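Step one of this worksheet: look at the structure below.
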Amino acid sequence: MPTATLMSIPLPIPSGKGRSQASLPPPRQSGLQGTLSALIEKSRTLNDLLQVHAVLLRRGLHQDRILNFKLQRAYSSLGCLDNSIWIFNCTLNPDVFNWTAIIHSHAQLGLHDRAMVYFVDMLCSGIYPNAFTFSVALKSASIKSGKPLHSLAFKLGFYSDLYVETGLLDVYARTGDVASAKKLFDEMDQRSLVSMTTMMTCYAKHGEIGNAKFLFDEMPDRDVVCWNVMISGYAQNGFPNEALLMFRRMLSDAKMKPDEVTVLAVISACGQIGALETGRWIHSFIENNDICINLHLGTALLDMYSKCGSLEDARLVFERMTDKDVVTWNSMISGYAMHGFSGHALETFDEMLRAGMKPNDITFVGILNACSHTGMVQEGQNLFYMMKSKYGIEPKVEHYGCLVNLLGRAGHLEEAYNIVKGMNIEPDIVIWSSLLGACGLHNDLVLGEEIAELLIKQNQMRSGTYTLLSNIYANSGNWVEVARIRSMMKSKGVEKEKGCSSIELDNTVHEFLAGDMNHPKCQEIYSMLEEINGWLRAAEDYEPQTNKVLHDLGDAEKGQSLEVHSERLAIAFGLISSRPGTTIRVVKNLRVCPDCHEVCKVISRVTGRKIIMRDRNRFHHFVDGCCSCDDFW
DNA sequence: CTAGGGTTAG
């Protein structure tokens with residue numbers, strides 16, 4: 001227990017400035033030292049730093065505590081902890097700064113145990129910690145023991161120090177104790193940019209983005225870090241549009257220079273929206289502003305391109321990346337899976353193994369999904385069992401979900417249900433929904449009702465599961481039951497999620513709800529819909545699939561026909577607003593409606609346009625009357 | 001002269 005260790009070491013009694021430090025000769029700064037110290041701070045690469053270090057050694061300054069402190073910090077910020085340790089070990093009579101640097105660099109890398117050992121060593125050698133040293137050590141000890149060690153700070157007389165309090169605040173933020181963080185924050189008698197940013201981070205990480213924004217607005221000055229917290233907070237809490245808005249404000253109003261963390265969050269927001277043009281704009285922004293495309297950024301870019309429907313760009317980024325980690329490979333694999341290119345997904349998986357990269361649990365979510373999108377039952381089952389036997393990865397609820405989905409969709413309902421019953425973990429709503437969906441797909445009323453009964457008993461029904469059940473009844477023409485479910489939803493106050501589709505044109509994202517009349521180009525859109533209806537009447541292969549979807553409509557959509565579904569409005573708008581031949585990219589929040597799926601095929605054939613549609617589950621590429629999903633979805 | 005920010009997943 002680090003706490004016990006920390007408590008059991010008697011602290012040296014501070015006498016004035018500290019005895020042990022006073023006994024050392026005072027460090028003298030000469031002109032050479034000043035120059036070297038500036039050079040160390042200016043070094044951006046390891047090579048630069050090594051050269052400055054060599055000069056320093058040649059001049060016999062290897063015992064200069066100030067220069068060594070700066071070298072230690074510079075090496076650890078470049079990721080060379082070993083060099084930092086080496087210099088520290090060479091320093092005769094290290095002072096509190098040398099000690100602090102070595103403790104801090106270990107803590108930054110999450111090596112809290114080592115950080116504590118150094119701290120204790122420091123105390124043992126008679127050096128009294130300053131507030132910063134103490135705050136770093138206290139933070140390490142707190143993280144190790146899983147709780148902020150408030151009382152310890154109080155006992156040692158460091159309580160109301162700004163650094164110490166900010167450190168404690170950060171620990172509360174990490175442990176997720178928002179209430180205590182807020183209490184401490186309110187009690188602190190000084191605030192700083194950093195402590196406010198820490199509090200904002202705490203709010204943003206726990207979904208209280210409104211409170212984060214409130215603090216942000218109160219700040220007298222803002223630096224790049226707090227802008228980043230706000231932007232990534234929006235992106236991670238599902239407000240990608242707000243994230244982009246903040247980014248624009250950061251550039252135009254605040255004239256702030258974004259760094260690689262900013263663009264990472266913005267790219268993630270573009271991926272969520274499916275805004276390809278904006279994503280491309282950010283990509284060129286990155287290149288024009290000399291922001292280095294590192295591992296994280298490359299992975300985020302590749303993920304953004306695949307979520308925006310451009311696998312070509314995703315692959316290009318992937319191939320240009322020299323450093324790839326497991327996240328990079330996973331993104332490429334799940335990108336192919338999302339688009340229904342299972343062959344490419346499996347090939348990439350093989351490529352990954354050949355490159356000597358170890359797959360993890362998420363890798364298997366990707367390839368299992370790839371299998372279920374194209375009905376590769378045998379392959380998927382093999383991979384599922386290989387996951388544990390060959391790679392030692394214990395299946396999680398997501399993997400069972402993939403397997404159940406794979407079996408159910410392919411019509412092996414019995415087998416899928418047996419898997420669910422035999423699971424050693426609790427099945428979640430995703431698994432039940434996919435099984436229920438499979439029952440609808442293969443008209444298994446009996447199993448469907450059994451599952452629904454179970455979910456009702458466990459009070460697990462959601463708006464989506466009601467819809468699935470209602471579809472099962474609608475398929476068999478049982479309108480009485482359909483009506484009963486409808487009234488059940490009403491009495492329980494369950495609202496159906498509204499279908500919403502968006503399309504990006506000229507860097508603006510246009511959103512449509514079903515039957516939407518709010519768009520400025522409303523008239524043209526509706527006359528385009530009329531034209532589409534004409535094509536449909538003339539098409540021999542099109543038959544409206546009314547009974548499948550008529551009862552899938554929420555209250556907002558009730559009474560409106562298929563013709564004004566949100567995806568159709570978005571496509572109609574795309575047709576009238578872009579040049580002939582341009583690809584139309586649409587994003588829908590729910591799954592694409594079966595009737596609209598057919599309509600897209602006709603539109604792609606008549607207009608010769610490619611339509612790429614992202615729905616809640618996957619992508620559909622419509623080209624010349626066919627969909628890449630082969631109607632298996 | 002130090003504290004605060006980040007990517008993948010049904």
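Chain letters run A, B, ... following the sequence lines, proteins first and then strands; every chain starts at 1. Source: prediction; values computed, not measured.
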Margin query: What's A/Asn294 touching, base or sugar-phosphate or nothing? Going by heavy atoms closer than 4.0 Å.
Written below: base
Next item on the list: Would you mind reading off the distance between A/Tyr75 atom OH and B/dT2 atom C1', rounded to a whole angstrom?
Entry: 20 Å
Check: So what does A/Val229 touch, heavy atoms closer than 4.0 Å: a base, only the sugar-phosphate, or nothing?
Finding: sugar-phosphate
Notebook entry, point to check: Any idea which of B/dA9, B/dG6, B/dA3 is nearest the A/Ser232 side chain?
Noted result: B/dG6
Check: Atom CG of A/Leu295 to atom P of B/dG6: distance rounded to whole Å?
Finding: 16 Å
Checklist line | A/Gln272 CD - B/dT8 C1' separation (whole Å) | finding: 13 Å
Next item on the list: Measure from CG on A/Asn360 to C1' on B/dT8 and round the result to the nearest Å.
Entry: 9 Å
Notebook entry, point to check: From B/dG4, B/dG6, B/dT2, pick the nucleotide closest to the side chain of A/Thr197?
Noted result: B/dG4
Next item on the list: Would you kindly give the OH-to-P distance between A/Tyr336 and B/dA9, to the nearest whole Å?
Entry: 16 Å
Margin query: Show the nearest heavy-atom pair for residues A/Leu302 and A/Met332, with the distance to one decimal.
Written below: CD1-SD, 3.5 Å
Margin query: Heavy atoms only, 4.0 Å cut-off, all strands: where does A/Asn617 land among base, sugar-phosphate and nothing?
Written below: base
Next item on the list: Tell me which nucleotide among B/dA3, B/dG10, B/dC1 gets nearest to the side chain of A/Val194.
Entry: B/dA3
Note to self: Students often get this wrong, so: under 4.0 angstrom with heavy atoms, is A/Asn330 touching a base, only sugar-phosphate, or nothing?
What the structure shows: base
Item checked: Side chain A/Ser84, main chain A/Gln72, donor-acceptor under 3.5 Å -> yes
Margin query: Measure CD1/A/Ile362 against C1'/B/dG10 and give the value in whole Å, please.
Written below: 13 Å
Notebook entry, point to check: How far apart are the closest heavy atoms of A/Trp227 and A/Met250, and which atoms are they?
Noted result: CE3-CB, 3.6 Å
Check: Any side-chain donor paired with an acceptor under 3.5 Å for A/Asn98 and A/Asn68?
Finding: no
Notebook entry, point to check: Across the strands shown, which category fits A/Lys396 at heavy-atom distances under 4.0 angstrom: base, sugar-phosphate, nothing?
Noted result: nothing
Notebook entry, point to check: Is any N or O donor-acceptor pair between the side chain of A/Asn369 and the base of B/dG10 shorter than 3.5 Å?
Noted result: no
Check: Rounded to the nearest Å, what distance is computed from the CG atom of residue A/Asp223 to the C1' atom of nucleotide B/dA3?
Finding: 12 Å
Next item on the list: Measure from CD1 on A/Ile282 to P on B/dT7 and round the result to the nearest Å.
Entry: 15 Å
Check: Below 6.0 angstrom between ring centroids: does that apply to A/Phe349 and A/Phe364?
Finding: yes
